[in-house]
Protein chains: 2
Amino acid sequence: MREDAATGGGLSTGDRLLSVIEVLGSQDGAGVTEVADQLEIAKSTAHAHLRTLHDRGYILKRDGTYHLGLRFLQLGQAAKQPWDEYPFIKEKVEELADESEIRAQFLAPEHDEAVYVYRSTGRHSVPTDSRVGVRIPMHSVAAGKAMLAQFPGDRVDALVDRHGLPAQTDETITDRAELDAALERVRERGYAINEGESWEGVRAVGAPVLTPDGDVFGGLSVSGSPHRVDPDDLADLVMGAANEIKLEFQYE
Amino acid sequence: MREDAATGGGLSTGDRLLSVIEVLGSQDGAGVTEVADQLEIAKSTAHAHLRTLHDRGYILKRDGTYHLGLRFLQLGQAAKQPWDEYPFIKEKVEELADESEIRAQFLAPEHDEAVYVYRSTGRHSVPTDSRVGVRIPMHSVAAGKAMLAQFPGDRVDALVDRHGLPAQTDETITDRAELDAALERVRERGYAINEGESWEGVRAVGAPVLTPDGDVFGGLSVSGSPHRVDPDDLADLVMGAANEIKLEFQYE
DNA sequence: ATAAACGTTCGGAAATGTCGAACAGAGTAG
DNA sequence: CTACTCTGTTCGACATTTCCGAACGTTTAT
């Protein structure tokens, strides 16, 4: 998959350990042979890695296959902590979902991708945090485009160089010039629209969340089927919420 | 800390990588030198590990120090998935918190420890998932004792051999005979009580959550200051909720 | 009962992680 | 403004480790 480890002073063994973790995370449960096959390493090697993770309590055996253990839940909470420090972000997401009666979400930029940090489906919500932690290319979601539009040009350049503009649907922007035009429109309007660019038949309206200093802190969006998402109605709501978060930072 | 890696076919490099992750997770942010000092390894070694994690997108630099990245949030969600498969568990925790008007939680047994999976403080909750993912010795919490009481004797033996009975407060059970007596009482009554054994001034009532097959699936408990926690009132509520979860499994 | 698949152990060859020293850069105190 | 200290970074060489393949034991399927 990646050869980055050898290139540039990384540790290939550690790299492989992470690959093993990813294999276990991307499916529910895998055995020694399955891990070895997927990573194209010897069974005995896969076994050694799994043993390391098991001895340390990071994975466990259930029904004869290995699974990620709850230690990752602890690490995940630790990783999320910087956002939990500002509880009003989660509150605003819930407010937004309640008022708009569609899904609302807050995404954070990380390593040039957008990551779902909070999500709410309003008062009548299915209580599970579906999609939390999921990474998605920034150019393919409304909140991501809203953030991109705030980045300096060279940062966008670097991002596109590294990841390209992978298509999620037929509507995804895959052309650099088209992206620039879209970002320019976002800056003019102050909000971004996603018209089936990440999932067919899903429309979203997103706005950037800035710190008082003007740094991009994340992106806020609401999404749902097109007939329930009217940008003219929702843009002010989303931008307002984003701005309220910005103001809350003042009192920290 | 641990020398387990060398002993028994583990990979010491991978072991060290996990240690680096733990250092970053146990505090907010650490630099190369700090990691090296804490693990007593060369700065250049710590640097190599951090680079590996950084190149793979697992950690990131913020304000000049390294922090866990949101990729761990994704792994954490994957680790939690087996419980999210049964949404009624989370629902029952919330019900329990609403009805008792104190905190309610569901803990899962893993690697001989109890891990907070769900937690609710009722309708007027602070919405953050505080304590989720935290690991705690089973003998020191109500839900943990409730689970322990269901384990076969040799499993309790193995657990005590491995971890001992570390004290959290002056009230924590640290004597094996005393633990056995306590577990026997739990079995008689059907529920466990925690009287300041994990935190001073916190009382809890817990019950085991079993599968229809009789396996221990987890533990449910409510907790709060003693004057708000009357075991005679709450035991039936907690045991009832635990039993309802058991019944829900039937329809899966 | 036989076969096939899986997890596990082991030794040796080859690859790689570790260390320390040296370099560069940022920040601070004088 | 300079000197000093702290940080993060690079590099080469040695020693350690990882990795593989083959063989063994165990379970599941035919």
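Letters A, B, ... are given to chains in the order of the sequence lines, protein chains preceding strands, and every chain is numbered from 1.
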Rounded to whole Å, please give me the gap between CG in B:L39 and C1' in C:dT18. 14 Å

When the distance from CG of A:D63 to P of D:dT27 is rounded to whole Å, what number comes out? 17 Å

Value in whole Å for how far the C1' atom of D:dT17 lies from NE2 of A:H49: 11 Å

Integer-rounded Å distance: D:dG8 C1' and B:E34 CD: 14 Å

Testing the basics here: between B:G206 and B:A142, what is the closest heavy-atom pair and its distance to 0.1 Å? N-CB, 3.6 Å

Sequence neighbours left out, cut at 3.5 Å: what donor-acceptor pairs do the side chains of residues 150-159 of chain B make with other protein atoms?
| unit_1 | atom_1 | unit_2 | atom_2 | d |
| --- | --- | --- | --- | --- |
| B:D157 | OD1 | B:R176 | NH1 | 3.0 |
| B:D157 | OD1 | B:R176 | NH2 | 2.9 |

Looking only at heavy atoms, what is the nearest atom pair of A:A146 and A:A207, with distance? CB-C, 3.5 Å

Can you tell me how far P of C:dA5 sits from CG of A:D37, to the nearest Å? 12 Å

Phosphate-side-chain proximity, A:T13 and C:dG17, N/O vs OP1/OP2 below 4.0 Å: yes

Mind calculating the distance between CG (B:D55) and C1' (D:dT9) to the nearest angstrom? 14 Å

Mapping B:Y66 and A:I41 onto DNA chain D by nearest heavy atom, which one lands closer to the 5' end? B:Y66

Between A:S12 and D:dT18, is there a contact of a side-chain N or O with OP1 or OP2 at under 4.0 Å? no

Do B:L210 and B:D215 come close enough that some side-chain heavy atom pair is under 4.5 Å? no

Examine D:dT7: is either OP1 or OP2 under 4.0 Å from a nitrogen or oxygen in the side chain of B:K61? Give yes or no. no

Do the charged groups of A:E22 and B:R56 touch, with an N to O distance under 4.0 Å? yes

Can you give me the N/O atom pairs linking the protein to nucleotides 9-12 of chain C at distances under 3.5 Å, or say none if there are none?
| unit_1 | atom_1 | unit_2 | atom_2 | d |
| --- | --- | --- | --- | --- |
| C:dT9 | OP2 | A:R51 | NH2 | 2.2 |

What is the distance, to the nearest angstrom, from the CG atom on A:L17 to the P atom on D:dT17? 17 Å

Would you confirm whether the ring centroid of B:H111 sits within less than 6.0 angstrom of the ring centroid of B:H163? no

Nearest whole Å is fine: how far is C:dT18 C1' from B:L11 CG? 16 Å

Could you tell me whether B:F249 and B:F217 have their ring centroids closer than 6.0 angstrom? yes

